[in-house]
Amino acid sequence: MTQGQQHDQELRAAARHFGRRRFLTVTGAAAALAFATQLPAAGAAAAAELDARRLTEDPFTLGVASGDPLPGSVLLWTRLAPRPFEPGGGLPARRVSVHWELARDERFTRTVRRGRATAHPEFSHTVHAEVEHLEPGREFFYRFRAGDWTSPVGRTRTAPAPGDRPAGLTLAAVSCQAYHDGYFTAYRHLADEDLDVVLHLGDYLYEYAVNATGGARAYTDRTLPAVFNRETITLEDYRLRYGLYKTDPDLRAAHAAHPFVVTWDDHETENNYAGGTPENGVPPEEFLLRRAAAYRAYWEHQPLRRPQLPEGPDMRLYRRLRFGRLAQFDILDTRQYRSDQAYGDGWQVPGPASEDPARTMTGAAQERWLLDGWRASGARWNLLPQQVVFSERRDRPTADFKVSMDAWDGYPASRRRILAGAAAAGVENLMVLTGDVHVGHGFDIKADFRDPSSRTLGTEIVATSVASGKDGADRPANHDRLMQANAHLKFFNGRRGYVTVALTEDSARADFRTVPYVTTPGAPVTTAASFVTEAGNQGLRPV
Ligand code: FE
Ligand code: CA
């Protein structure tokens, strides 16, 4: 039995033991306990060691990654999985010693740091190496070694020193990569961009079944195993699914090229869940077990630091990163703590239930953390990487309009508190970065979305999907209706791709990069449109 299967069995046993009613109140603790038995104790490794020299197949099939850059530190990631489509990745339940190396140059002639990390079977043989005491604002190259095997080389960057005023910062924002909807061609192009950091805004994977031919990829040269042809529920399912996604060469190229800062949306767990409430009628205690499995697999497979390690169904994903005095990133989690969607979710006419001031998108603690962080910021640009559309988005220009109950439109009181908090904190240059809707958008954030003459408080850049939605179209069927209905909506494009944002002291420039198709590989990338907003003079202007 693999670690994942064993874990799933333990959770089911815990659920039976506590009984449904009582279990409801102790689920968090029970799930945390079930997971805790999986954690290797500090200093005393639970599993025996496998001599890495006995690895007869390349264990670095899932590539390398780095993430969450700090001024003096980077987080390096890899996973040992000689056979990623098998439970356990084709390795026995033993720990493996892995060496890492960080250098100033790609050929590793100027090595600045070396170290050793343990790939624990309890964490799917993933490695999360935090390399400290590095020079700020510098580019580095890294690689791993296990036995006779050496990983591909990754490139990363530390953040600038806290007091620094870097001349510029260029980021890319991506979201929504349904493997079964198409190729990750956008990532191939993103890997070639000159970037400081990539922000992943959620839907890194989808829980839905992937058939033998990879859905819209329509493989003719390979057959995916049946293990992917079902919805992900258990820890083993989620781990295997990350394995499938990370075998994509374009995704691996993007991770190797740039540090990533990731946050999730719904599909890493389940479509449109809200806090502890599942999409469908599954009992909440069962859903929390699923959430615990999904969160754990997410942490294992992302370049995340130790403070983000989940405890059962809880994971502190919201966090703050600074790039000198130029930019502060407050990375939100709008899934884990939100109130349930009003009016049964979907597009609905707003009303008393959605406008209830008690409703929250962030939870009280995260909201407080955000507003406190803004008060202490002092950064030129305050960026808010998060998941769902922040600006009002009406579906039609008539009085009977509907809005999405899953987006901030379904939580307007929460949005008002955030905007009031930004104003009170003296945040001048606010830019919200969003994913989720599988189209590119540019919004002006208005003090009153229903009054076009009201003050513009910031801008919102919505990154289209990498693959979700298949090929798409430059002008989707609802293009004109949405543009008419929302005067503050400055851009709408329905192709796949990503967005780059170049920040300087004076301005922010957004380039919406799109590919014309994803259901066959090899599409070129072009810029669909570019916009600039000036520091101290918010509002998107086409360039
Ligand atoms: Fe999505
Ligand atoms: Ca989503």
Side-chain angles (χ1 to χ4, degrees), residues 172-187 198-210 215-217 231-232 238 241-242 244-245 248 251 260 262-275 277-280 287 290-291 294-295 298 302 317-318 331-341 345-347 361-362 384-391 393 403-411 432-441 460-472 476 478 492-499 514-515 518-519:
V174 291
S175 76
C176 295
Q177 50 198 54
Y179 184 96
H180 55 275
D181 269 4
Y183 287 90
F184 295 165
T185 313
Y187 273 131
V198 175
L199 298 164
H200 200 295
L201 304 172
D203 293 356
Y204 189 97
L205 64 66
Y206 284 68
E207 76 275 30
Y208 305 129
V210 183
R217 293 187 177 212
E231 188 167 330
T232 54
Y238 287 106
R241 194 61 63 89
Y242 282 105
L244 172 65
Y245 274 59
D248 182 281
L251 177 59
F260 271 52
V262 300
T263 186
W264 56 39
D265 192 23
D266 49 342
H267 287 289
E268 288 90 344
T269 302
E270 186 204 34
N271 180 51
N272 282 17
Y273 78 96
T277 309
E279 179 187 25
N280 302 311
F287 174 68
R290 181 181 185 180
R291 198 177 95 170
Y295 284 11
Y298 185 82
Q302 298 292 0
L317 191 57
Y318 66 87
I331 301 123
L332 297 192
D333 173 357
T334 62
R335 278 292 155 197
Q336 193 174 173
Y337 316 104
R338 64 156 79 188
S339 318
D340 196 12
Q341 292 92 348
D345 204 1
W347 288 78
M361 181 63 115
T362 57
L384 201 58
Q386 53 96 49
Q387 294 75 26
V388 291
V389 171
F390 186 82
S391 304
R393 195 168 70 124
V403 294
S404 169
M405 287 296 139
D406 188 57
W408 288 83
D409 275 337
Y411 302 76
V432 179
L433 299 170
T434 302
D436 183 52
V437 284
H438 309 171
V439 297
H441 278 319
E460 179 177 14
I461 302 294
V462 181
T464 187
S465 58
V466 167
S468 308
K470 303 179 188 166
D471 293 338
N478 63 344
F492 185 175
N493 182 287
R495 290 290 189 200
R496 310 288 74 86
Y498 55 93
V499 58
T514 59
V515 292
V518 293
T519 51

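Just so you know, ligand 1 is whichever comes first in the structure, and atom 1 is the first atom listed for that ligand. Scope of the values below: all heavy atoms of this structure, side chains included, with no hydrogens, waters or symmetry mates.
- An angle of 170° is found at the Fe ion (ligand 1) between D203 atom OD2 and H438 atom NE2, rounded to 10°.
- Closest of all the heavy-atom pairs between G472 and R495 is O-NH1, 2.7 Å.
- With respect to the Ca ion (ligand 2), D203 has OD2 as its nearest N, O or S atom.
- Considering all non-hydrogen atoms of both residues, Y498 and A173 come closest at CB-O, 3.5 Å.
- Ring pair Y208/H180 is perpendicular by interplanar angle, where above 60° counts as perpendicular and below 30° as parallel.
- Not one N, O or S atom of D436 sits under 2.8 Å from the Fe ion (ligand 1).
- Between the side chain of E279 and the backbone N or O of E270 there is no donor-acceptor pair closer than 3.5 Å.
- Looking at D266, its N, O or S atom nearest to the Ca ion (ligand 2) turns out to be OD1.
- Taking the N/O/S atoms of D436 in turn, the shortest distance to the Ca ion (ligand 2) belongs to OD1.
- The Ca ion (ligand 2) has an N, O or S atom of D265 inside 3.0 Å of it.
- The minimum heavy-atom distance between D266 and Y273, with the atom names listed, is O-CE2, 3.6 Å.
- Residue S465 does not count as close to the Fe ion (ligand 1), with no N, O or S atom under 2.8 Å.
- Annotation for V389 and T434: closest pair N-CG2, 3.5 Å, computed over non-hydrogen atoms.
- For a distance bound of 2.8 Å, the N, O or S atoms of H267 include none lying that close to the Fe ion (ligand 1).
- Ion pairing between R335 and D265 holds under the 4.0 Å rule for side-chain N and carboxylate O.
- Centred on the Fe ion (ligand 1), the angle running from Y206 (OH) to C176 (SG) is recorded as 100°, rounding to 10°.
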